[in-house]
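Notes follow the structure.
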Protein chains: 2
Amino acid sequence: MDGADDRTDGRARAVVARDDVEFDVRDARLLRAVDRTGSVAGASSALGRSRARDLARIETLEAAFGALVERRRGGSGGGGSRLTPAAVDLLERFERLSVAVAATARVPETVLRGPVASVDGELAVVSTPVGEVCGLHQGVDAGDEVQVRVGADAVTVLLSGADPAAGDSSARNRLRGTTVDVDRGGTVATVGVDVDGTVFRALLTDDSTVRLGLQKGREAAISWKATATRVAGDRP
Amino acid sequence: MDGADDRTDGRARAVVARDDVEFDVRDARLLRAVDRTGSVAGASSALGRSRARDLARIETLEAAFGALVERRRGGSGGGGSRLTPAAVDLLERFERLSVAVAATARVPETVLRGPVASVDGELAVVSTPVGEVCGLHQGVDAGDEVQVRVGADAVTVLLSGADPAAGDSSARNRLRGTTVDVDRGGTVATVGVDVDGTVFRALLTDDSTVRLGLQKGREAAISWKATATRVAGDRP
DNA sequence: ATGCGTTGTATCATCGATGATGCAACGCCG
DNA sequence: CGGCGTTGCATCATCGATGATACAACGCAT
């Protein structure tokens with residue numbers, strides 16, 4: 001149902017951009033190889049690439065991002081190259097971004113459908129089968145038929161006895177339901193909570209599932225942040 | 001600091017894959033154009049592409065994803081093409097994925113650094129300046145120096161009076177701090193909460209900031225889920 | 001002084017992706 | 001029956017990305 005086919009999986013490629021030049025995986029590999037081998041020539045041959053091309057690439061990157069590789073011609077060993085602190089920062093940022101988007105592409109999701117009731121700036125409220133839900137959007141209009149996506153890593157599960165009013169938290173979306181399955185995966189579990197017929201998927205640590213006493217059939221409450229829910233057009 | 005340069009921004013390209021063939025933006029545009037114009041020929045000329053090429057692309061996509069475009073040769077209007085339900089599902093899934101990864105690429109982040117204390121399956125606990133933090137990882141080992149990333153859309157802010165023990169929620173990471181800035185952006189605000197010198201960024205609706213009475217200087221508590229925090233290598 | 005391995009730079013070759021073109025087959029419609 | 005616009009299919013052309021190669025400049029070590 002609804003794109004949850006097995007065999008098909010979502011992926012994402014990260015890129016950090018500045019001034020129309022994009023730093024991507026390939027560039028990250030190059031910088032890492034330079035760091036490892038101590039020279040651009042060494043990096044290129046280690047990666048099986050053209051040294052001239054890599055040098056040129058480094059220059060276009062530096063035109064946008066500033067100095068990345070300190071190159072030294074002549075001297076002991078014939079010369080060599082080192083990453084600048086800026087390059088290390090860039091690599092680390094790319095790594096974080098990569099890991100983050102790869103994770104959101106891999107995580108289960110629950111999707112609600114309905115018309116958008118109103119739009120206020122970057123926020124849209126959508127009428128869904130479980131009530132009005134608020135989320136971030138990008139260019140939808142009131143009346144549009146849309147899908148609302150909530151990542152399983154964004155929904156937290158509460159003891160069903162917990163206060164559902166929740167005036168004291170910034171996570172306003174709160175619903176009650178009954179857990180329909182708990183799939184323990186060793187250390188991380190995904191649990192399904194049925195709310196009025198639509199089941200929400202939540203990603204929890206195994207720890208949390210036992211601490212909360214989650215079991216099939218038990219009542220549970222879920223909550224998630226408006227700023228963690230995305231509304232996507234249905235077919236633009 | 002730490003990659004938070006302005007001028008440079010993170011991006012992500014979504015892809016849904018099956019059997020080594022990847023459905024990307026370009027394919028999405030093609031299918032949408034077919035849906036809009038009613039024919040592959042119309043879609044190709046609308047997009048300024050080669051019709052033969054587009055037809056071939058559709059066939060390789062169908063080899064992996066199943067029937068996507070019902071093509072009819074001859075008949076009224078000379079023939080035409082329609083999307084199958086599977087194609088609509090695929091488009092919708094792609095749209096959700098696109099929106100989701102684009103958002104996580106755009107959202108502010110807070111990063112903690114330190115050595116990983118232990119690893120248990122997909123979970124790693126890292127010793128950071130604010131204490132031990134637990135997050136999802138992918139191939140790091142105990143002792144590695146890593147960065148821990150928490151997206152601003154994943155941290156929820158609580159009234160400072162709220163119970164920090166929190167045995168009743170699946171969000172275990174809880175900290176107290178003082179809010180150092182509230183940047184209202186019209187409908188969505190990002191607030192900074194200082195905890196022992198590291199400031200956490202949280203994305204909240206403006207509503208929530210007033211409901212919680214957030215102001216610079218006030219105490220605040222934050223919490224986030226282990227399954228929403230990613231640990232990334234420092235330099236693999 | 002000579003050798004060495006690197007950087008700096010220019011040029012050519014290759015390969016894959018993509019668009020352009022041409023023509024046959026199809027089937028409804030007037 | 002002929003016209004029409006589409007699909008089906010093959011082939012050529014073009015362009016950009018990338019690797020390969022060549023040679024000069026450099027500066028430390030021997």
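What you are looking at is a predicted structure, and each value in this text was computed from that prediction instead of being measured.
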*Spacing of B:I58 atom CD1 relative to D:dT6 atom C1', expressed in whole Å*: 13 Å
*How is A:G77 classified with respect to the nucleic acid when contacts are heavy atoms under 4.0 Å: base, sugar-phosphate, or nothing?*
sugar-phosphate
*A:L91 side chain reached by A:R32 side chain, heavy atoms, under 4.5 Å*: yes
*Evaluate the side-chain proximity of A:R57 to A:R49: yes if any heavy-atom separation is below 4.5 Å, no if none is.*
no
*From D:dT6, C:dG8, D:dC9, nucleotide with atom closest to A:L55 side chain*: C:dG8
*Just wondering, do B:R13 and B:D24 contact through their side chains at under 4.5 Å, heavy atoms?*
no
*Among the candidates D:dT7, C:dT9, C:dA20, find the nucleotide nearest to the side-chain atoms of A:A52.*
C:dT9
*Strand contacts (DNA chain C) in residues 60-74 of chain A, 4.0 angstrom heavy-atom criterion*: A:R71, A:R72, A:R73, A:G74
*Heavy-atom side-chain proximity of B:T198 to B:T110 below 4.5 angstrom*: no
*So do A:T227 and A:E122 actually touch side chain to side chain, heavy atoms under 4.5 Å?*
no
_B:R71 with B:E59: basic N within carboxylate O range, under 4.0 Å_ = yes
*In whole Å, what is the span from the CZ atom of B:R51 to the C1' atom of D:dA10?*
12 Å
_Side chain to side chain, A:V191 and A:D183, heavy atoms closer than 4.5 Å_ = no
*asked:* By nearest heavy atom, map B:G75 and A:G75 onto DNA chain D; which one lands nearer the 5' end?
replied: B:G75
*Candidates C:dC28, D:dT7, C:dT9 - which lies nearest the side chain of B:A41*: D:dT7
*What residues form a side-chain contact (heavy atoms from CB on, under 4.5 Å) with B:D194, not counting sequence neighbours?*
B:T178, B:V180, B:V199
*What string of B, S and - do you get for nucleotides 13-19 of chain C, 5' to 3', if B is base contact, S is sugar-phosphate-only contact and - is no contact with any protein heavy atom under 4.0 Å?*
-----BB
